[in-house]
Amino acid sequence: MTKVVVGASSLPAGRNMSSQLDYIKKMQNFGADMYHLDVMDGLFVKNQTVDYTYLEQLKMSSILLFDVHLMVQNPTKVISKYAKAGANILTIHYEAFDDDKKFIKALKKIRKLGMMAGIALDLDTSVESIEPFLKYCDLVLIMSVKAGKGGQQFSESAIKKIKALRKLDSKILIEVDGGIDNISSQKAVKAGADIVVSGSYIYNNEAYEAIQSLKGRN
Ligand code: DX5
Ligand code: ZN
(Lines give C-alpha, C1' and ligand atoms only; values in the text may rest on other atoms or scores of the structure.)
(Ligands and ions follow the chains in the order given, each with its own letter.)
Protein backbone atom coordinates (compact mmCIF):
# COMPACT_ATOMS: atom_id res chain seq x y z
CA MET A 1 0.00 0.00 0.00
CA THR A 2 1.61 3.27 -1.09
CA LYS A 3 1.86 5.83 1.71
CA VAL A 4 -0.60 8.64 0.99
CA VAL A 5 0.10 12.04 2.54
CA VAL A 6 -3.12 13.75 3.58
CA GLY A 7 -3.51 17.52 3.73
CA ALA A 8 -6.51 18.97 5.53
CA SER A 9 -7.81 22.14 3.84
CA SER A 10 -8.30 25.16 6.12
CA LEU A 11 -11.37 26.28 4.15
CA PRO A 12 -14.07 24.59 6.27
CA ALA A 13 -12.85 26.45 9.38
CA GLY A 14 -13.52 29.85 7.75
CA ARG A 15 -11.87 33.16 8.69
CA ASN A 16 -12.51 33.10 12.43
CA MET A 17 -9.16 32.63 14.19
CA SER A 18 -10.47 30.57 17.10
CA SER A 19 -12.31 28.18 14.78
CA GLN A 20 -9.10 27.81 12.77
CA LEU A 21 -7.20 26.98 15.96
CA ASP A 22 -9.84 24.42 17.01
CA TYR A 23 -9.91 22.90 13.54
CA ILE A 24 -6.18 22.45 13.14
CA LYS A 25 -5.95 20.80 16.57
CA LYS A 26 -8.66 18.36 15.47
CA MET A 27 -6.89 17.67 12.17
CA GLN A 28 -3.63 17.02 13.97
CA ASN A 29 -5.27 14.71 16.53
CA PHE A 30 -7.05 12.72 13.82
CA GLY A 31 -3.94 12.03 11.81
CA ALA A 32 -3.69 14.61 9.03
CA ASP A 33 -0.09 14.98 7.85
CA MET A 34 -0.31 18.61 6.70
CA TYR A 35 -2.51 21.66 7.07
CA HIS A 36 -3.34 22.96 3.62
CA LEU A 37 -3.81 26.69 4.12
CA ASP A 38 -6.09 27.88 1.32
CA VAL A 39 -5.20 31.56 0.86
CA MET A 40 -7.60 33.48 -1.39
CA ASP A 41 -7.29 37.25 -1.88
CA GLY A 42 -10.65 38.00 -3.52
CA LEU A 43 -8.78 39.16 -6.67
CA PHE A 44 -7.16 36.08 -8.23
CA VAL A 45 -10.30 34.20 -7.13
CA LYS A 46 -13.50 35.89 -5.99
CA ASN A 47 -13.52 34.53 -2.43
CA GLN A 48 -11.38 35.92 0.35
CA THR A 49 -10.04 33.66 3.12
CA VAL A 50 -7.06 33.51 5.50
CA ASP A 51 -3.56 34.98 5.02
CA TYR A 52 -0.05 34.86 6.57
CA THR A 53 -1.24 36.47 9.83
CA TYR A 54 -3.29 33.32 10.50
CA LEU A 55 -0.27 31.17 9.69
CA GLU A 56 1.81 32.94 12.37
CA GLN A 57 -0.73 31.97 15.05
CA LEU A 58 -1.54 28.49 13.73
CA LYS A 59 2.18 27.63 13.56
CA MET A 60 2.44 28.23 17.32
CA SER A 61 -0.30 25.73 18.08
CA SER A 62 0.46 22.80 15.76
CA ILE A 63 3.29 20.51 14.74
CA LEU A 64 1.64 19.86 11.35
CA LEU A 65 3.51 20.79 8.18
CA PHE A 66 2.05 23.95 6.61
CA ASP A 67 1.26 23.50 2.95
CA VAL A 68 0.27 26.99 1.76
CA HIS A 69 -1.80 27.26 -1.43
CA LEU A 70 -1.59 30.87 -2.65
CA MET A 71 -4.58 31.81 -4.78
CA VAL A 72 -3.51 35.45 -4.98
CA GLN A 73 -3.01 37.98 -7.77
CA ASN A 74 0.63 38.87 -7.04
CA PRO A 75 2.30 35.96 -5.21
CA THR A 76 5.83 37.44 -5.49
CA LYS A 77 4.82 40.32 -3.23
CA VAL A 78 4.01 38.02 -0.27
CA ILE A 79 6.54 35.17 -0.53
CA SER A 80 8.79 36.50 2.25
CA LYS A 81 5.80 37.07 4.56
CA TYR A 82 4.88 33.38 4.31
CA ALA A 83 8.49 32.34 4.83
CA LYS A 84 8.68 34.44 8.01
CA ALA A 85 5.30 33.13 9.19
CA GLY A 86 6.55 29.53 8.89
CA ALA A 87 5.26 27.98 5.66
CA ASN A 88 6.94 24.66 4.83
CA ILE A 89 5.58 24.37 1.28
CA LEU A 90 4.56 27.47 -0.68
CA THR A 91 2.56 26.83 -3.84
CA ILE A 92 1.94 29.55 -6.42
CA HIS A 93 -0.40 29.43 -9.43
CA TYR A 94 1.10 29.25 -12.92
CA GLU A 95 -1.91 31.32 -14.04
CA ALA A 96 -0.90 34.22 -11.76
CA PHE A 97 2.15 35.01 -13.95
CA ASP A 98 2.29 36.47 -17.44
CA ASP A 99 6.07 36.38 -17.66
CA ASP A 100 8.20 33.20 -17.48
CA LYS A 101 11.23 34.97 -16.01
CA LYS A 102 9.17 36.39 -13.13
CA PHE A 103 7.65 32.95 -12.51
CA ILE A 104 11.10 31.33 -12.29
CA LYS A 105 12.33 34.16 -10.08
CA ALA A 106 9.43 33.58 -7.67
CA LEU A 107 10.05 29.82 -7.52
CA LYS A 108 13.76 30.41 -6.86
CA LYS A 109 12.92 32.94 -4.11
CA ILE A 110 10.65 30.40 -2.36
CA ARG A 111 13.46 27.85 -2.26
CA LYS A 112 16.05 30.46 -1.26
CA LEU A 113 13.91 31.32 1.78
CA GLY A 114 13.98 27.66 2.86
CA MET A 115 10.54 26.49 1.73
CA MET A 116 9.60 23.79 -0.76
CA ALA A 117 8.42 25.42 -3.99
CA GLY A 118 5.10 24.28 -5.49
CA ILE A 119 3.45 25.08 -8.80
CA ALA A 120 -0.37 25.00 -8.80
CA LEU A 121 -2.16 24.17 -12.05
CA ASP A 122 -5.78 25.23 -12.31
CA LEU A 123 -8.37 22.88 -13.80
CA ASP A 124 -8.06 24.04 -17.42
CA THR A 125 -4.29 24.49 -17.59
CA SER A 126 -2.33 21.72 -19.35
CA VAL A 127 0.56 19.86 -17.72
CA GLU A 128 2.71 20.62 -20.77
CA SER A 129 2.56 24.35 -19.98
CA ILE A 130 4.67 23.90 -16.83
CA GLU A 131 7.22 21.45 -18.27
CA PRO A 132 9.94 24.18 -18.55
CA PHE A 133 9.50 25.06 -14.86
CA LEU A 134 9.61 21.60 -13.26
CA LYS A 135 13.32 21.92 -12.46
CA TYR A 136 12.59 24.97 -10.30
CA CYS A 137 9.98 23.28 -8.09
CA ASP A 138 9.63 20.40 -5.62
CA LEU A 139 5.89 19.82 -6.01
CA VAL A 140 3.05 20.30 -8.48
CA LEU A 141 -0.48 20.87 -7.17
CA ILE A 142 -3.00 19.60 -9.71
CA MET A 143 -6.42 21.20 -9.11
CA SER A 144 -9.28 18.74 -9.54
CA VAL A 145 -11.80 21.58 -9.19
CA LYS A 146 -11.72 25.19 -10.39
CA ALA A 147 -9.63 27.09 -7.84
CA GLY A 148 -11.62 29.39 -5.60
CA LYS A 149 -14.04 27.44 -3.47
CA GLY A 150 -14.64 24.23 -1.57
CA GLY A 151 -17.42 21.69 -1.90
CA GLN A 152 -17.15 21.17 -5.68
CA GLN A 153 -17.28 17.87 -7.57
CA PHE A 154 -13.97 16.09 -8.35
CA SER A 155 -13.13 16.46 -12.03
CA GLU A 156 -11.91 13.21 -13.64
CA SER A 157 -9.80 15.29 -16.05
CA ALA A 158 -7.28 15.57 -13.20
CA ILE A 159 -6.49 11.85 -13.48
CA LYS A 160 -5.14 12.25 -17.02
CA LYS A 161 -3.04 15.22 -15.89
CA ILE A 162 -1.56 13.26 -12.98
CA LYS A 163 -0.57 10.45 -15.35
CA ALA A 164 0.90 12.90 -17.86
CA LEU A 165 2.91 14.69 -15.19
CA ARG A 166 4.17 11.42 -13.70
CA LYS A 167 5.36 10.46 -17.20
CA LEU A 168 7.18 13.78 -17.53
CA ASP A 169 8.86 13.55 -14.14
CA SER A 170 9.13 10.37 -12.07
CA LYS A 171 10.40 12.18 -8.96
CA ILE A 172 8.29 15.32 -8.59
CA LEU A 173 5.80 15.37 -5.68
CA ILE A 174 2.25 15.42 -7.06
CA GLU A 175 -0.53 16.86 -4.90
CA VAL A 176 -4.22 16.77 -5.87
CA ASP A 177 -6.72 19.24 -4.50
CA GLY A 178 -10.47 19.62 -4.84
CA GLY A 179 -13.44 17.30 -4.40
CA ILE A 180 -11.23 14.59 -2.90
CA ASP A 181 -13.02 11.74 -1.09
CA ASN A 182 -12.09 8.10 -0.44
CA ILE A 183 -12.94 7.12 -4.05
CA SER A 184 -11.24 9.95 -5.95
CA SER A 185 -8.28 9.80 -3.59
CA GLN A 186 -7.57 6.20 -4.52
CA LYS A 187 -7.91 6.99 -8.24
CA ALA A 188 -5.50 9.91 -7.87
CA VAL A 189 -2.95 7.84 -5.95
CA LYS A 190 -3.22 4.99 -8.48
CA ALA A 191 -2.53 7.53 -11.25
CA GLY A 192 0.63 8.66 -9.46
CA ALA A 193 -0.29 11.28 -6.85
CA ASP A 194 1.63 11.41 -3.55
CA ILE A 195 -0.50 13.91 -1.60
CA VAL A 196 -4.26 14.44 -1.46
CA VAL A 197 -6.01 17.48 0.01
CA SER A 198 -9.51 17.41 1.43
CA GLY A 199 -11.87 20.03 2.82
CA SER A 200 -15.51 18.98 2.71
CA TYR A 201 -15.03 15.18 2.81
CA ILE A 202 -13.20 15.47 6.13
CA TYR A 203 -15.48 18.24 7.42
CA ASN A 204 -18.76 16.54 6.49
CA ASN A 205 -17.83 13.12 7.84
CA GLU A 206 -16.36 11.75 11.04
CA ALA A 207 -12.94 13.39 10.65
CA TYR A 208 -10.83 10.51 11.99
CA GLU A 209 -12.55 7.93 9.76
CA ALA A 210 -12.37 10.25 6.76
CA ILE A 211 -8.64 10.88 7.17
CA GLN A 212 -7.88 7.20 7.69
CA SER A 213 -9.93 6.30 4.61
CA LEU A 214 -8.02 8.88 2.53
CA LYS A 215 -4.86 7.11 3.68
CA GLY A 216 -6.36 3.90 2.35
CA ARG A 217 -6.53 2.46 5.85
CA ASN A 218 -10.14 1.23 5.89
C1 DX5 B 1 -10.10 25.21 -3.81
C2 DX5 B 1 -9.08 24.84 -2.73
C3 DX5 B 1 -9.16 23.40 -2.32
C4 DX5 B 1 -10.57 22.96 -1.93
C5 DX5 B 1 -10.60 21.75 -1.01
O6 DX5 B 1 -9.72 26.43 -4.41
O7 DX5 B 1 -7.77 25.04 -3.21
O8 DX5 B 1 -8.21 23.18 -1.27
O9 DX5 B 1 -11.25 23.98 -1.32
O10 DX5 B 1 -11.93 21.65 -0.54
P11 DX5 B 1 -12.89 20.46 -1.04
O12 DX5 B 1 -12.23 19.19 -0.56
O13 DX5 B 1 -14.19 20.76 -0.35
O14 DX5 B 1 -12.95 20.55 -2.52
ZN1 ZN C 1 -6.16 24.33 -2.01
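Whatever order the structure lists ligands and atoms in, that order sets their numbers, starting from 1. The figures that follow rest on heavy atoms only: side chains count, while hydrogens, waters and symmetry mates do not.
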Closer than 4.0 angstrom, basic N to acidic O: yes or no for Asp33 and Lys215?
yes
Atom 9 (O) of ligand 1 - nearest protein heavy atom and its distance
Leu11 CD1, 2.9 Å
Any N or O of Lys146 closer than 3.5 Å to N or O of ligand 1
no
State the CG-CG distance between Leu65 and Asn88, to the nearest 0.5 angstrom.
4.5 Å
Kindly compute the distance separating CE (Met71) from CG (Asp122), expressed to the nearest 0.5 Å.
9.5 Å
Polar atom proximity, His69 to ligand 1 (N or O, under 3.5 Å):
yes
Would you please classify the geometry between the Phe30 ring and the Tyr208 ring as parallel, tilted or perpendicular, with 30° and 60° separating the classes?
perpendicular
Hey, does Gly179 come in under 3.5 Å of ligand 1, counting only N/O atoms on both sides?
yes
With respect to Gly151, determine whether any N or O atom, backbone or side chain, lies less than 3.5 Å from an N or O atom of ligand 1.
yes
Donor-acceptor pair between Asp38 and His36 side chains, under 3.5 angstrom
yes
Measure Lys149 to ligand 1 on non-hydrogen atoms and call it side chain, backbone, both or neither using the 4.0 Å cut-off.
backbone
Regarding Ser184 and Asp181, is there a side-chain donor-to-acceptor distance under 3.5 Å anywhere?
yes
Please work out which of the three classes, parallel, tilted or perpendicular, describes the rings of Tyr94 and Phe103, given edges at 30° and 60°.
perpendicular
Any nitrogen or oxygen of Gly199, side chain or backbone, less than 3.5 Å from one on ligand 1?
yes
Salt-bridge contact Asp194-Arg166 (side-chain N to carboxylate O under 4.0 Å):
yes
From Lys161 atom NZ to Thr125 atom OG1, the distance as rounded to the nearest 0.5 Å
6.0 Å
May I ask you to check if ligand 1 and Asp177 share an N or O to N or O distance below 3.5 Å?
yes
Do ligand 1 and Gly148 have nitrogen or oxygen atoms that lie under 3.5 Å from each other?
yes
Closer than 2.8 Å to the Zn ion (ligand 2), what protein N/O/S atoms do you find?
His36 NE2, Asp38 OD1, His69 ND1, Asp177 OD2
Has Ser62 got a side-chain atom pairing as donor or acceptor with Ile24's backbone, closer than 3.5 angstrom?
no
